[in-house]
Every structure is written in structure tokens, then in C-alpha cells.
Student: 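Below you'll find the structure I mean.
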Amino acid sequence: MKSFNPPIRTLMGPGPSDVHPRILSAMARPTIGHLDPAFVGMMDETKQGLQYAFKTENDLTMPVSAPGSAGMETCFANLVESGDKVVVCINGVFGMRMKENITRFGGEAVVVEDNWGEAVSVDKVEQTLKDNPDAKILAFVHAETSTGAQSDAKTLCKIAHENDCITIVDAVTSLGGSELRVDEWEIDAIYSGSQKCLSAMPGISPISIGDRAVKKITERKTPVTSWFLDLNLVMGYWGEGAKRTYHHTAPVNTLYGLHESLVMVSEEGIENSWDRHQKNHEELRGGLEAMGINFLVNKEDRLPQLNSVIIPDGVDDAAVRSTLLNDYNLEIGAGLGAYAGKVWRIGLMGYASRKENITLCLSALKQTLDK
Ligand SMILES: *Cc1c(COP(=O)(O)O)cnc(C)c1O
């Protein structure tokens with residue numbers, strides 16, 4: 001065997017996004033014990049950084065030591081009890097995964113379906129909640145990375161509460177890239193990922209759980225079926241003030257990286273980060289439209305950090321993406337499901353959302369298509 005030296009790429013797909021050099025160098029600092037007082041101090045700061053990024057004061061805010069999918073599973077494992085009715089919105093791949101989680105934890109999923117590429121229909125959700133007064137939870141994806149559509153999390157949470165449901169929100173792609181206000185919008189349980197708009201390495205899932213959701217967890221009649229994801233146990237390690245007890249060995253250096261990314265978010269200001277993603281999206285959109293390339297999603301529902309564009313007629317999807325990768329070291333994403341071969345997903349997430357990347361993407365795409 002020899003050492004692995006990856007090629008230097010520009011990552012403009014659906015994640016992971018470019019990791020900032022400051023984060024990479026933070027991760028190379030010496031490993032210390034995960035119960036070392038110096039590490040515990042860094043954990044407290046990480047929690048505060050996450051509270052700032054999520055705009056929440058929820059005490060139960062912490063990084064799960066595994067990728068975004070584990071944050072998803074943490075929320076469903078703890079909140080869904082056998083027999084619970086859960087209304088779940090499906091408008092892309094990640095809504096489907098939510099449904100899968102609900103049924104695996106013994107819940108009954110009631111599906112609200114919307115076309116891929118569209119936002120979740122508030123009217124349909126409202127009607128479904130009225131038709132299912134025994135539903136306990138509403139689950140939806142804020143930023144559907146599989147299509148590039150954004151849903152109205154604020155309104156969906158409002159109607160959930162009017163109908164006595166708590167909410168589980170997937171913010172893996174939205175955190176840091178789109179307006180997101182956990183406390184103001186009264187989101188009860190939310191999970192995200194480190195590798196999208198936070199520009200950190202893949203493998204960590206920040207979550208935040210509010211009072212209503214904590215109550216549902218503490219009132220469970222049966223234990224959480226996953227030992228690793230049981231928040232009652234994990235909190236013994238991440239809980240503030242309390243004496244830390246061993247639960248699992250934290251991924252020490254990965255958390256240095258997350259900490260550094262949160263330092264960068266606080267330096268920039270979370271609202272400025274949302275604005276930067278929006279402005280760069282508009283610049284990319286202008287360039288793509290000038291080349292005759294159109295967007296999949298309606299203007300009002302478009303995500304700034306994930307641009308789904310329709311592949312022009314007669315263009316070979318795979319050939320273009322491999323030319324971009326091999327000749328320009330540029331990664332963009334393929335379409336998923338019904339959109340495989342029909343759309344490209346161009347990410348402008350976190351550190352990847354910057355001017356020189358837009359220029360690279362537009363010129364590389366133009367030269368490739370011209371050929
Ligand atoms: C990427 C993503 C996930 C899964 O995150 P992983 O880190 O890949 O496990 C979940 N939901 C959405 C909306 C995502 O974009």
C-alpha cells in the first residue's frame with residue numbers, strides 16, 4: 001500500500017461541499033482525550049455555536065457522531081413510538097427516507113405527496129392534519145437536496161401546532177445556506193449535516209430538540225430501540241454542567257473541524273451567510289440562463305445552495321460530468337430518480353459558494369458544451 005493523495009477538486013455537487021482550509025488544518029491538530037477538560041470546553045463552545053447557527057436556545061443541541069442520516073434517525077428513533085401516526089411530506093428522496101424511518105420505528109406513516117421539484121403543499125398538509133386528528137408528528141424536509149426545492153418551514157410548523165402535532169424538520173442542506181429560525185418558527189426537532197453549507201467534513205449531524213419534543217421523549221412508554229441514538233443516554237455525555245460520562249468515544253478531530261466551521265459562521269454572521277448563498281445563486285443563475293440553461297424549480301421555491309438545472313436536449317449527461325471532473329477537476333451532481341439523466345444539481349454550499357467557483361463552473365460548462 002501507499003499513502004492516499006486525493007486529487008484537488010472543486011466540489012459543486014449536492015455534498016460534500018469544499019471544506020475550508022482552516023477546517024482541514026483544525027482537524028490536523030493533536031488528538032486529546034474526549035474527556036480531557038480542554039476538549040470538554042471545546043464541546044461547550046460547539047454547542048453554543050450550533051445554537052447560534054440554528055437560532056435556538058434549546059439546551060438539547062449537539063452534534064451526533066455520524067452523518068446527516070444518523071441525525072434523521074436520532075429524531076425518528078426518539079420521537080416515534082410504536083403505533084404513533086406521523087404525517088410525512090414526500091417531494092423527493094429525503095422525504096422517502098423519513099417515511100422509511102417512521103415505519104421502521106413502528107409508526108404509521110400518512111403521506112402527503114408533491115411532485116419532485118415542487119415545494120411541500122401547505123394546503124394539502126393542512127387538510128391531511130385535519131383528516132387525521134390523532135396524528136402526533138409532522139415531518140418534512142426544509143431543503144430537498146434531491147430536487148433543489150425549498151419548503152415553507154415556518155408555515156408548516158404553525159399549522160402542525162394548530163393541529164397538536166410536533167414537527168421533525170430535515171435541515172441538512174438548509175443550515176447556513178437558507179433562512180432558518182428554530183425558536184421563532186417553533187421547530188420541535190431538527191437535524192442537519194456538517195458537509196453541506198457548514199463546509200466541514202462529512203460525518204457529523206448537528207441536532208436540536210425543543211421542549212415539546214423533549215416531553216414526548218421523556219413520556220415514552222417503551223425505551224428507544226437504538227442504544228447508540230438514545231438521547232437520554234447521549235445527553236449524559238453532551239449535557240451541560242452535568243458531569244460528563246462515557247457514552248462513546250467522540251470523533252475528536254472531526255469535532256475540531258466542526259468547531260472551526262462554527263467559528264467561521266460566527267465571524268461571518270449567520271444572516272450574512274444566508275445572503276452570500278442567495279447572491280451567489282443569482283450570479284450563477286444569470287450565467288446559466290445566458291447559456292440557455294433553465295432551472296427545474298419555480299423561482300419562488302428555489303434553493304440558493306442547490307441549483308437543479310435541465311440538461312439541454314441532445315447533451316450526454318455522463319460525458320459532460322466526466323469531462324468536468326477529468327479536465328477541470330470540477331464535480332457537479334447528477335439527477336436522482338425520475339430526474340436521472342435529465343437534470344444536473346449544481347451546489348453552491350458553504351465555502352463552495354464563492355465567486356471563483358461560479359466563474360469556473362460557467363466557463364467549464366460552456367467550453368464542454370461547445371465541444
Ligand atoms: C445529504 C442529506 C441527508 C443525508 O446526510 P448524510 O450526511 O449524507 O447522511 C439528509 N437529508 C438531506 C436533505 C440531505 O441533503
Side-chain angles (χ1 to χ4, degrees), residues 9-18 67-73 76 88-104 109 111-121 139-151 169-175 177-178 191-197 202-203 205 277 281 284-285 288 293-298 301-313 315-325 330-350 352-353 361 365 368:
R9 308 283 201 208
T10 300
L11 301 180
M12 295 179 72
S17 62
D18 284 343
S69 306
M72 178 187 285
E73 197 143 333
F76 288 97
V88 56
C89 307
I90 299 185
N91 62 338
V93 166
F94 294 102
M96 291 167 69
R97 289 198 184 170
M98 283 183 144
K99 182 187 172 209
E100 186 70 22
N101 270 270
I102 294 162
T103 49
R104 287 191 186 210
V111 175
V112 176
E113 245 182 310
D114 283 289
N115 291 328
W116 285 37
E118 290 175 12
V120 169
S121 157
F140 65 89
V141 179
H142 183 210
E144 202 18 289
T145 327
S146 63
T147 66
Q150 175 151 240
S151 292
V169 179
D170 179 320
V172 176
T173 282
S174 52
L175 181 65
S178 309
Y191 57 90
S192 188
S194 49
Q195 84 279 30
K196 304 210 179 174
C197 296
S205 179
H277 283 84
H281 155 72
L284 178 75
R285 184 196 66 198
L288 290 168
I293 294 177
N294 298 312
F295 278 71
L296 175 71
V297 178
N298 280 340
D301 302 328
R302 258 175 224 163
L303 281 171
Q305 62 275 57
L306 199 280
N307 299 265
S308 282
V309 296
I310 297 163
I311 301 174
D313 276 345
V315 169
D316 181 342
D317 167 33
V320 169
R321 281 184 297 106
S322 76
T323 303
L324 292 177
L325 192 68
L330 172 64
E331 179 182 278
I332 65 168
L336 288 178
Y339 291 123
K342 300 208 169 70
V343 306
W344 289 315
R345 293 181 300 148
I346 305 177
L348 284 174
M349 297 182 180
S353 178
C361 178
L365 199 54
T368 306

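The structure displayed is predicted, hence computed values, not measured ones.
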Student: Could you grab the distance from atom CD1 of Ile293 to atom CG of Leu284, nearest 0.5 Å is fine?
Tutor: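 Between atom CD1 of Ile293 and atom CG of Leu284 there are 9.5 Å.
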Student: So does His277 get a backbone contact from the side chain of Gln305, meaning a donor-acceptor N/O pair under 3.5 Å?
Tutor: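 Judged by distance alone, no pair lies under 3.5 Å.
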Student: Parallel, tilted or perpendicular: which fits the ring planes of Phe295 and His281, with parallel below 30° and perpendicular above 60°?
Tutor: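 Rings of Phe295 and His281: perpendicular, over 60°.
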Student: Could you tell me whether a side-chain N or O of Thr103 sits under 3.5 Å from a main-chain N or O of Glu100, the two making a donor and an acceptor?
Tutor: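 Present.
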Student: Determine the minimum heavy-atom distance between Trp116 and Gly92, stating which atoms define it.
Tutor: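 Smallest interatomic distance, heavy atoms only, reads CE2-CA, 3.5 Å.
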Student: Keeping the roles fixed (side chain from Asn91, backbone from Glu118), state whether a donor-acceptor pair exists under 3.5 Å.
Tutor: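 Present.
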Student: Could you give me the CA-CA distance, side-chain angles and deciding distance for Phe140 and Val88, then say whether side chain to side chain contact (heavy atoms under 4.5 Å, CB included) is met?
Tutor: CA-CA 6 Å; Phe140 65 89; Val88 56; over 6 Å; no
Student: Val320 and Ile311: side chain to side chain contact (heavy atoms under 4.5 Å, CB included), yes or no, with the steps?
Tutor: CA-CA 10 Å; Val320 169; Ile311 301 174; over 6 Å; no
Student: Main chain of Thr147, side chain of Ser308: is a donor-acceptor contact present, judged purely on distance under 3.5 Å?
Tutor: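 At least one qualifying donor-acceptor pair exists.
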Student: Using modelled atom types and a 3.5 Å cut-off, is there a donor and acceptor pairing between side-chain atoms of Glu144 and backbone atoms of Gly95?
Tutor: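 Yes.
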Student: Find the distance between CD1 (Ile332) and CG (Leu365) and round it off to the nearest 0.5 Å.
Tutor: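 If we round to the nearest 0.5 Å, Ile332:CD1 and Leu365:CG are 6.0 Å apart.
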Student: Taking C-beta and beyond as the side chain, do Asn101 and Glu73 meet within less than 4.5 Å on heavy atoms?
Tutor: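 Sidechains of Glu73 and Asn101: in contact.
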Student: Working to the nearest 0.5 angstrom, can you tell me the gap between Leu306 CG and Ser174 OG?
Tutor: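 The OG atom of Ser174 is 11.5 Å from CG of Leu306, to the nearest 0.5 Å.
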Student: Within the side chain of Asp114, is there an N or O that forms a donor-acceptor pair under 3.5 Å with the backbone of Val120?
Tutor: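 No, Asp114 side chain to Val120 backbone: no donor-acceptor pair under 3.5 Å.
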Student: Which pair of heavy atoms, one from Pro304 and one from Leu348, lies closest together, and at what distance?
Tutor: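 Shortest heavy-atom separation between Pro304 and Leu348 comes out as O-CB, 4.1 Å.
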Student: Look at atom CZ of Arg9 and say whether more than 12 heavy atoms of other residues, nucleotides or ligands are closer to it than 6.0 Å.
Tutor: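 Buried by this count: over 12 neighbours within 6.0 Å.
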Student: Test side chain to side chain contact (heavy atoms under 4.5 Å, CB included) on Ile346 and Val309 and set out the steps.
Tutor: CA-CA 8 Å; Ile346 305 177; Val309 296; 4.2 Å; yes
Student: With no hydrogens and no angle check, is any side-chain donor or acceptor of Ser17 less than 3.5 Å from a backbone partner on Cys197?
Tutor: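 It does not hold such a pair.
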Student: Specify the closest pair of heavy atoms between Phe94 and Met72, including all atoms of both residues, with the distance to one decimal.
Tutor: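 Heavy atoms of Phe94 and Met72 come nearest at O-CE, 3.9 Å.
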Student: Minimum heavy-atom separation for Ser192 and Leu175, please, with both atom names.
Tutor: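 Shortest heavy-atom contact: OG-CB, 3.2 Å.
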Student: Of all heavy-atom pairs between Pro202 and Gln195, which one has the smallest distance, and what is that distance?
Tutor: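 Between these two residues, the closest heavy atoms are CA-CB, 3.5 Å.
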Student: How close do Pro14 and Arg345 get, heavy atom to heavy atom, and via which atoms?
Tutor: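 Result for this residue pair: CG-NH2, 3.4 Å.
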Student: For residues 315-325, which residue pairs pass the side-chain hydrogen bond (donor to acceptor under 3.5 Å, both in side chains) check, not counting sequence neighbours?
Tutor: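 Output for this query lists Asp317-Arg321, Asp317-Trp344.
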Student: To the nearest 0.5 Å, what is the distance between OG on Ser178 and CD on Gln150?
Tutor: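 So the gap between those two atoms works out to 4.0 Å.
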Student: Which value, rounded to the nearest 0.5 Å, describes the distance between Met12 atom CE and Leu324 atom CG?
Tutor: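 Here the interatomic distance stands at 10.0 Å.
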Student: How many angstroms lie between atom CG of Asp18 and atom CE of Met349, to the nearest 0.5 angstrom?
Tutor: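 Those atoms lie 11.5 Å apart.
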